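What follows is a set of notes on a single structure, which appears directly below.
Owing to the predicted nature of the structure, the values given are computational and were not obtained by experimental measurement.
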Amino acid sequence: MGLLQDISHYWTEQLDPRVADLLFVASSYQVPLIIFAYLYFVLVCGPRFMKNKSPYSLETFMKLYNIVQIVGNGWLLYDCINVGLFSCKLICPVFDYSSMRFVKNAYYYFLLKILDCVETGIFILRKKDNQVSVLHLYHHVSTLFLTWAGRPTDQMFKKLLHL
């Protein structure tokens, strides 16, 4: 098999069947395509589009975006506390990995990382290019990629259940 076939085989065959139907999880190309589109917009297309235009205000959109981020991250924190992620036993806490709640929280965190990329688009459309640094781009790309690449596989659950 070729390298791409090996990656595709690994990505689909070792995936935990309980998460296979979740958006972006079973695909080996969608998230890299989102990352590529994000970088293309931020580095090439967005600045070119805004070159001869005045900055957009986007005040209402930014307020709505911030409210969605606060509610989403607050709910995620509440649910992580409720599932026992921050229990009194900080070293080797005990989780029920047969429950999908912990996995769903990780998935919602991943979706919030995709939503975080909107922030950079707002910077571009408001012509706040000084806020788009290499560190900013690295942060958004790496957190999105690592949360996607760390998706649950059936073998991961078997290892976690038999510790």
Single-linkage hydrophobic cluster L39~L33, side-chain heavy atoms < 4.5 angstrom
no

Could you tell me whether F145 and W148 have their ring centroids closer than 6.0 angstrom?
yes

Any side-chain heavy-atom pair of L111 and Y108 under 4.5 Å:
yes

Joint hydrophobic cluster, I122 plus I67, side-chain heavy atoms closer than 4.5 Å:
no

What are the two closest non-hydrogen atoms of Q69 and L112, and how far apart are they?
OE1-CD2, 3.9 Å

Over all atoms of both residues, closest heavy-atom pair of L23 and Y107
O-OH, 2.9 Å

Smallest heavy-atom separation, V42 atom then L137 atom, equals CG1-CD2, 3.6 Å

Donor-acceptor under 3.5 Å (D79 side chain, W75 main chain):
no

K113/D116 under side chain to side chain contact (heavy atoms under 4.5 Å, CB included): CA gap, chis, key distance, verdict:
CA-CA 5 Å; K113 293 296 111 188; D116 281 347; 2.7 Å; yes

Do T147 and Y109 pair up side chain to side chain, a donor and an acceptor below 3.5 Å, judged on atom types alone?
no

Which is it for H139 and L135 under the side chain to side chain contact (heavy atoms under 4.5 Å, CB included) test, yes or no, and what are the steps along the way?
CA-CA 6 Å; H139 164 75; L135 182 61; 5.6 Å; no

R126 to Y56 - nearest heavy-atom pair and separation:
CG-O, 3.4 Å

Apply the test side chain to side chain contact (heavy atoms under 4.5 Å, CB included) to residues L22 and F110: give CA-CA distance (whole Å), side-chain angles for both, the deciding distance (0.1 Å), then the verdict.
CA-CA 11 Å; L22 297 175; F110 163 69; over 6 Å; no

Stepwise side chain to side chain contact (heavy atoms under 4.5 Å, CB included) check, D129 with Q131
CA-CA 5 Å; D129 296 335; Q131 294 178 322; over 6 Å; no

Hydrophobic clustering (ILVMFWY, side-chain heavy atoms < 4.5 Å, transitive) - are Y38 and F36 grouped together?
no

Quick check: are there more than 12 heavy atoms from other residues, nucleotides or ligands sitting under 6.0 Å from NZ of K127?
yes

Which pair of heavy atoms, one from L125 and one from M50, lies closest together, and at what distance?
O-CE, 3.2 Å

